[in-house]
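Along the sequence shown, residues are numbered consecutively beginning with 1.
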Amino acid sequence: MNDINTETLGWDLIGWDSDEQAAHVTGLNRVEVLRIRDLFPGRDDDFLETAVYEVPPALYSAMRSAIPHLEFREGLEYQIGGFLLSV
């Protein structure tokens, strides 16, 4: 594991529209990220914190199984990534 303080991280699942606007944003917590991180085998980090990862439609069902409140809207392209919270 990376030497990361996950208490200072946040994560968003963002659905982008055709105008490259963030049309649908869902915040995720550390526990939720731990449930889905293995769905991204090409990741370079343990907590999806150092890059933005594309979420292809083939992953939607598995992600909803891991995090039931997730919603994916038709016509949007989704990405997930971490960011440093303001402290």
Side-chain angles (χ1 to χ4, degrees):
M1 291 260 226
N2 296 341
D3 193 21
I4 291 286
N5 177 2
T6 58
E7 298 298 317
T8 62
L9 292 177
W11 296 266
D12 283 333
L13 174 67
I14 302 172
W16 300 94
D17 66 18
S18 60
D19 293 326
E20 297 184 10
Q21 298 294 314
H24 182 226
V25 179
T26 303
L28 302 173
N29 63 43
R30 179 184 183 278
V31 172
E32 292 169 331
V33 167
L34 288 174
R35 289 182 194 157
I36 62 169
R37 69 180 179 177
D38 291 337
L39 297 173
F40 300 89
R43 71 184 190 282
D44 294 329
D45 49 22
D46 289 321
F47 293 101
L48 305 176
E49 80 275 7
T50 62
V52 173
Y53 297 90
E54 289 186 41
V55 180
L59 289 182
Y60 294 0
S61 179
M63 289 183 68
R64 278 193 298 261
S65 292
I67 308 170
H69 72 83
L70 288 184
E71 176 186 341
F72 295 93
R73 297 182 182 167
E74 191 164 332
L76 300 181
E77 293 184 16
Y78 283 87
Q79 295 177 328
I80 189 170
F83 58 90
L84 190 60
L85 296 170
S86 299
V87 288

Query raised in the report: So D45 and Y53, side-chain hydrogen bond (donor to acceptor under 3.5 Å, both in side chains) or not? Walk me through it.
Result: CA-CA 11 Å; D45 49 22; Y53 297 90; 3.0 Å; yes
Query - Verdict with supporting geometry, R37 and F47, side-chain contact (heavy atoms from CB on, under 4.5 Å) - result: CA-CA 7 Å; R37 69 180 179 177; F47 293 101; 4.2 Å; yes
Requested in this report: Apply the test side-chain contact (heavy atoms from CB on, under 4.5 Å) to residues V55 and Q79: give CA-CA distance (whole Å), side-chain angles for both, the deciding distance (0.1 Å), then the verdict.
Outcome: CA-CA 5 Å; V55 180; Q79 295 177 328; 5.6 Å; no
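How far CD1 of I80 is from CG of L59: 10.0 Å, rounded to the nearest 0.5 Å. The line from CH2 of W11 to CG of L48 is 8.5 Å long, rounded to the nearest 0.5 Å.
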Would you list the atom pairs, donor with acceptor, under 3.5 Å between side chains in residues 65-76 and any protein atom, with sequence neighbours excluded?
{"unit_1": "S65", "atom_1": "OG", "unit_2": "S61", "atom_2": "O", "d": "3.1"}
{"unit_1": "H69", "atom_1": "NE2", "unit_2": "E32", "atom_2": "OE2", "d": "2.8"}
{"unit_1": "E71", "atom_1": "OE2", "unit_2": "R73", "atom_2": "NE", "d": "3.1"}

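Residues forming a salt bridge (Lys or Arg N to Asp or Glu O under 4.0 Å) with R35 (at least two apart in sequence, or on another chain): none. In this view, D19 and D17, Q21 satisfy the side chain to side chain contact (heavy atoms under 4.5 Å, CB included) rule, not counting sequence neighbours.
A single hydrophobic cluster is seen to contain both Y60 and L13, as judged by linkage of ILVMFWY side chains at heavy-atom distances under 4.5 Å, directly or through other members. Hydrophobic clustering (side-chain heavy atoms under 4.5 Å, transitive across Ile, Leu, Val, Met, Phe, Trp, Tyr) groups I36 together with L34.
Between D38 and R43 there is a salt bridge, since at least one side-chain N of the basic residue sits less than 4.0 Å from a carboxylate O of the acidic one.
Using cut-offs of 30° and 60° for the angle between ring planes, the H24 and Y78 rings count as perpendicular.
Taking Ile, Leu, Val, Met, Phe, Trp and Tyr as hydrophobic and joining them when side-chain heavy atoms fall under 4.5 Å apart, one finds I14 in a cluster with W16, V25.
With a 4.5 Å cut-off on side-chain heavy atoms, L28 and D12 do not count as touching.
For F40 against M63, the heavy-atom pair with the smallest separation is CZ-SD, 4.2 Å.
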